[in-house]
Amino acid sequence: MKLLPAALLCLPLAAASQSPVDSSFTDGPYIFFDSNQVVAKWVSGGTLFTDTLSPGESLQLDPGVSHSFDPSCVDLEDPFVAHPRISFKGVKKLAALSDIHGQYILMLKLLRAHGVIDAEGDWAFGEGHLVVLGDVFDRGDEVVDILWLIHKLEKQAEDANGRVHYLLGNHEVMNLKNDLRYVNKKYRTTTSLTRIPYNVLFGPETYFGRWIRSKPVSVTINDMVFVHGGLSETCLNLGLSLEQMNTAFQKQILDMPEEEILADPALKILYSEVGPIWYRGYFEEGFTKKRARDILRFLGKKHIVIGHTPAPQVRGLYGSKIFAIDSSIQLGEDGELFWYEEGKFFRGSLSGEKIKLQ
Ligand code: CA
């Protein structure tokens with residue numbers, strides 16, 4: 001495969017000490033802010049490549065390295081605003097999917113089937129909004145492809161007056177906090193080749209790390225609240241606004257030692273199983289339509305859209321007050337989108353069919 005000129009300048013740096021890596025192995029790129037310079041690393045053909053980028057230079061890769069990396073969407077000067085707008089009104093069409101867990105191909109098929117992206121994988125949803133409701137990380141082996149796809153779509157959507165919202169799930173938080181129990185073994189090969197610990201690949205001095213650390217745990221769109229696990233009464237009783245919860249994750253929880261989180265009563269709740277990224281209470285016996293109604297009244301909204309707890313299909317609970325949209329994409333076989341259009345709610349299948357949710 002023909003290399004682009006910039007890639008020709010890069011030196012392969014495969015370390016001699018490691019075991020041979022499959023010659024089809026590719027991963028990356030990962031971009032690091034290393035004091036005054038920007039360094040990109042990727043693996044192609046089982047070999048590690050490193051390139052130092054001069055100011056204004058964009059990273060050009062052999063197209064075989066990444067399915068979704070688009071250098072024109074990377075802005076190395078972008079500080080990634082840590083308090084992005086989290087409330088949107090007047091959105092006419094929206095697609096959401098959750099718990100993709102490294103299943104890039106399935107994500108592409110779903111988005112294509114519903115015209116969110118085109119055949120080339122570029123934004124085709126105009127002023128629509130796409131919500132990625134957390135848990136891109138872990139289990140599957142196409143996590144980095146998904147991250148670069150979301151990143152590209154984010155830029156392309158903004159250019160079209162649309163929007164992509166990537167929310168933190170518990171697996172984003174686990175990965176940033178170095179809880180690596182569910183990391184696919186592919187990324188252990190990458191850490192071995194790069195000799196960079198996994199958490200440093202997504203650390204605060206990386207492009208991915210800064211980008212993900214700017215993401216919220218919750219956004220509101222029209223009369224819907226989106227959050228990965230759910231909002232419990234215990235969590236809401238903290239009296240924090242959604243914006244304050246987002247800030248607590250971005251500024252404290254993501255990079256604070258666990259013992260400090262647990263020593264702070266409010267952070268401890270946000271980080272716990274009744275916090276927004278782990279909560280499963282809507283599925284427990286004893287949860288009622290009245291409780292859903294009370295939570296929504298407190299929030300001043302009509303629907304909560306959640307992922308985190310898988311089922312074969314997107315479904316409405318408690319008279320569609322809650323939409324549970326983790327459709328088991330993580331299994332890599334099938335999956336659905338949640339679809340909103342002009343006040344109506346649908347589940348969207350892999351074949352492009354839209355079935356109205358009651
Ligand atoms: Ca989850």
Side-chain angles (χ1 to χ4, degrees), residues 95-104 106-107 110 130-147 149-150 164-184 187 198-199 202 208 212-213 215-219 224-232 234-235 242 245-246 248-250 253-254 258 261 267-284 287 295 303-317 322-338 347:
L97 73 175
S98 190
D99 298 76
I100 303 160
H101 284 302
Q103 297 292 341
Y104 172 71
L106 206 44
M107 176 185 187
L110 266 171
L130 170 65
V131 182
V132 179
L133 199 44
D135 281 9
V136 161
F137 280 85
D138 286 339
R139 308 190 200 279
D141 64 358
E142 296 166 320
V143 172
V144 170
D145 285 315
I146 298 171
L147 292 173
L149 176 67
I150 297 170
V164 173
H165 310 270
Y166 175 22
L167 272 57
L168 298 173
N170 56 306
H171 284 267
E172 274 72 26
V173 176
M174 287 165 78
N175 273 245
L176 294 190
K177 297 191 74 61
N178 209 22
D179 179 343
L180 310 181
R181 281 174 287 168
Y182 300 95
V183 172
N184 188 282
Y187 301 102
Y198 182 85
N199 65 318
F202 296 97
F208 276 147
I212 296 166
R213 281 168 175 79
K215 298 305 171 201
V217 289
S218 182
V219 296
M224 297 171 270
V225 180
F226 290 83
V227 60
H228 180 71
L231 293 166
S232 68
T234 311
C235 179
L242 296 182
M245 280 187 216
N246 288 335
F249 272 86
Q250 289 159 347
I253 289 172
L254 287 181
E258 204 157 73
I261 296 172
L267 296 181
K268 184 179 175 182
I269 286 172
L270 290 175
Y271 191 56
S272 77
E273 62 189 17
V274 292
I277 59 170
W278 284 102
Y279 187 55
R280 294 191 203 272
Y282 302 153
F283 303 92
E284 286 171 2
F287 198 87
I295 287 171
H303 311 277
I304 301 174
V305 185
I306 55 165
H308 188 50
T309 302
Q313 293 176 344
V314 167
R315 67 250 197 243
L317 307 172
I322 294 169
F323 291 108
I325 72 161
D326 177 353
S327 61
S328 306
I329 291 171
Q330 61 179 286
L331 301 177
E333 293 162 7
D334 201 355
E336 292 185 339
L337 289 176
F338 170 74
R347 57 188 176 91

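Ligands are counted one by one from 1 in listed order, and the atoms in each one are counted from 1 as well. Computation of the quantities below employed the complete heavy-atom set of this structure, encompassing side-chain atoms and omitting hydrogens, waters and symmetry-equivalent molecules.
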**Prompt:** Taking H171 for the side chain and V136 for the main chain, is one N or O donor matched with an acceptor at less than 3.5 Å?
**Reply:**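 No, because the side chain of H171 does not come within donor-acceptor range (under 3.5 Å) of the backbone of V136.
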**Message:** I'd like to know if the side chain of N199 and the backbone of L176 have a donor-acceptor N/O pair within less than 3.5 Å.
**Reply:**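 No, the answer is negative, given that no donor and acceptor are paired below the 3.5 Å cut-off.
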**Message:** Distance alone, cut at 3.5 Å: any donor-acceptor contact between the side chains of N175 and Y182?
**Reply:**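 Looking only at side-chain atoms, Y182 and N175 do not form any donor-acceptor pair under 3.5 Å.
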**Message:** Please give me the minimum heavy-atom distance between D135 and H308, naming the atom from each residue.
**Reply:**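 Answer, listing the atom of D135 first, then H308: OD2-ND1, 4.4 Å.
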**Item:** Minimum-distance pair of heavy atoms, taken over all atoms of P276 and F249
**Value:**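 So the minimum-distance heavy-atom pair works out to CG-CE1, 3.7 Å.
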**Prompt:** Can you count the protein N, O or S atoms that lie less than 3.0 Å from the Ca ion (ligand 1)?
**Reply:**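 Total protein N/O/S atoms under 3.0 Å from the Ca ion (ligand 1): 4.
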**Asked** Are Y198 and F202 close enough that their ring centers fall under 6.0 Å?
**Response**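 For Y198 and F202, the ring centres are under 6.0 Å apart.
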